[in-house]
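Naming convention: chains lettered A, B, ... in sequence-line order (proteins, then strands); numbering from 1 in each chain.
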Amino acid sequence: MEFETGSLACSDLDGPFDLQATVESGQSYLWDRADGRMYDSMDVHGGEAWYETVVPPIEDVSDERMVVRVRQLDDRLEWEATGDAVPVLTHLLRLDDDLDAIYETTPDDPLLERAYDAYEGMRLVRDPPFPCLVSFICSAQMRVSRIHGMQMALAESYGDELEVEGRTFDAFPSPDRLADRTEAELRELGLGYRAPYVQRTAEMVAGGDDPADAVGMEYEAARERLTRFVGVGDKVSDCVLLFSLGFLEAVPLDTWIQSAIADHYPDCDRGSYRETSRAIRRRLGGRYAGYAQTYLFHYLRGGGA
DNA sequence: ACCCAGGTCTTTT
DNA sequence: AAAAGACATGGG
């Protein structure tokens, strides 16, 4: 196979776009940097690096599995892909969001304003559901760079290989491929106690239990729905809802947000996940609270405030 | 050596 | 229902 190439102008989008912030903010673990410097903190050259991934077919977007490479040069998004990358990039990186309108809904809040200011142009991602589910099952008690390493290892060990112009790209393994692994095999990759979670969840998905079935449900029902998968509690469920299934009001209550609540929004701590979630979602503006959460996460984790 | 990391599951009050 | 303990592993 060979690459087609093309580019698109970010000035044609509704609002700004920052590729590095979007891909390296710990939302998606399915992209890799061609220069091998993924998650190198404070990398000043990251803005021009190539990012690459293998994208499964997406309903109403692309019929075939596609290798996609992309980089940002100022206002231009340059791509190489085994097909037309524009609709795929638009889907994966939420280039169809009206970011200016979303900024408008952000409540007046000094911390939030600093976070939005620091990473202006960062968008949420729309990861494919199964790889996203596995990514966040792996995320339990794990650092961002290692979560990424695990997904790369899963792809390298058990995913299909695609050759394009002499280079090999590894697709993320299908549910059946992961379901057929043994717990011991997955532990070999360093998944630790998450290994049986991933294997058993893969079995469920391979058996027809589709995480995307939560789409269209009322938000809290959708969150509850995903917790049927092994290794998925309220927090991981929120991550899949936000970073894959388009529930932009979802606010994953991870350790960083918990401490942000303690330090900046103490009245939102209501004891239980359910009630604290309701309070913080309201505080962060409701409909797009997940956007605010992701800016806060990236800003706080990056050493801000 | 010791502590922590985008939590979840199981068992015990 | 709420709290406590177990769980793997690599990097600081």
Side-chain angles (χ1 to χ4, degrees), chain A residues 21-31 37-42 115 119 122 124-125 127 131-154 157 181-204 211 223-245 247-248 250-263 269-277 280-281 284 289-304:
Chain A
T22 301
V23 176
E24 297 199 56
S25 50
Q27 307 179 52
S28 175
Y29 299 94
L30 306 173
W31 292 84
R37 302 193 58 183
M38 194 79 179
Y39 298 120
D40 261 12
S41 58
M42 301 299 120
Y119 298 107
M122 183 176 77
L124 286 176
V125 300
D127 269 356
C132 180
L133 182 62
V134 172
S135 297
F136 282 96
I137 288 172
C138 290
S139 76
Q141 294 295 105
M142 200 47 59
R143 283 185 178 79
V144 162
S145 60
R146 284 197 60 206
I147 302 165
H148 178 254
M150 290 179 189
Q151 309 320 306
M152 297 298 105
L154 284 170
S157 299
R181 310 279 60 86
T182 64
E183 176 181 332
E185 283 178 307
L186 296 180
R187 282 179 187 267
E188 294 285 316
L189 295 184
L191 298 202
Y193 62 80
R194 305 154 197 80
Y197 299 168
V198 169
Q199 191 279 328
R200 292 178 59 194
T201 287
E203 248 173 15
M204 294 173 71
R223 190 178 67 201
E224 172 69 21
R225 165 84 179 200
L226 294 184
T227 61
R228 68 173 57 194
F229 295 107
V230 184
V232 180
D234 287 329
K235 186 271 169 185
V236 168
S237 182
D238 266 330
C239 287
V240 176
L241 292 180
L242 182 60
F243 302 132
S244 177
L245 303 184
F247 287 79
L248 302 189
V251 173
L253 299 183
D254 58 67
T255 52
W256 290 92
I257 295 306
Q258 296 280 17
S259 69
I261 290 172
D263 295 344
D269 183 0
R270 306 296 169 83
S272 70
Y273 192 101
R274 176 188 169 97
E275 296 304 324
T276 301
S277 168
I280 194 66
R281 277 184 280 128
L284 296 180
Y291 251 101
Q293 187 275 1
T294 300
Y295 273 86
L296 284 182
F297 173 83
H298 192 41
Y299 181 62
L300 295 172
R301 205 178 69 81

Output one letter per nucleotide in nucleotides 6-12 of chain C: B when a protein non-hydrogen atom lies under 4.0 Å from the base, S when only the sugar-phosphate is that close, - when neither is. -BBBB--
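Backbone-only engagement by A/Gly233 is indicated by non-hydrogen atom pairs under 4.0 Å involving sugar-phosphate atoms exclusively. Using a 4.0 Å heavy-atom distance criterion, A/Gln293 is classed as a base contact.
One interatomic measurement links the two molecules: CZ of A/Phe229 to P of B/dC9, which rounds to 12 Å at whole-angstrom precision. Here the P atom of nucleotide B/dT8 and the CG atom of A/Leu133 are 12 Å apart, to the nearest Å. Following rounding to the nearest Å, A/Glu275 (CD) and C/dA2 (P) show an atom-to-atom distance of 10 Å. In this entry the distance linking CG of A/Asp234 with P of C/dA2 reads 13 Å, nearest Å. For the pair A/Leu253 CG and B/dT8 P, the computed distance is 10 Å after rounding to whole Å. Distance A/Met150 CE to B/dG7 C1': 13 Å, rounded to the nearest Å.
Side-chain N/O atoms of A/Ser139 include none lying less than 4.0 angstrom from OP1 or OP2 on B/dA5.
One P atom belongs to B/dT8, the other to C/dG10, and the distance between them is 22 Å to the nearest Å.
Checking each of A/Ile280, A/Val251, A/Asp238, A/Leu124 against A/Gln293 for a side-chain contact (heavy atoms from CB on, under 4.5 Å) leaves exactly one that passes, namely A/Val251.
Residues A/Arg223 and A/Asp234 are in side-chain contact: their nearest non-hydrogen atoms beyond the backbone lie under 4.5 Å apart.
For the atom pair OH of A/Tyr119 and OG1 of A/Thr22, the computed distance is 12.0 Å after rounding to the nearest 0.5 Å. Rounded to the nearest 0.5 angstrom, A/Arg274 CZ and A/Leu253 CG are separated by 13.5 Å.
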Residues 141-149 of chain A side chain polar contacts: donor-acceptor under 3.5 Å, at least two apart:
residue: A/His148; atom: NE2; partner: A/Trp31; partner atom: O; Å: 2.7

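Between A/Phe136 and A/Tyr29, the two ring planes are perpendicular [angle over 60°; tilted spans 30° to 60°].
For the pair A/Arg194 (side chain) and A/Gly231 (backbone), a donor-acceptor distance under 3.5 Å is absent.
The shortest non-hydrogen separation linking A/Glu24 to A/His298 is O-CE1, 3.8 Å. Between A/Pro252 and A/Leu242, the closest heavy-atom pair is CD-CD2, 3.8 Å.
Within residues 235-245 of chain A, the residues that place at least one heavy atom under 4.0 Å from DNA chain B are, in residue-number order, A/Lys235, A/Val236, A/Phe243.
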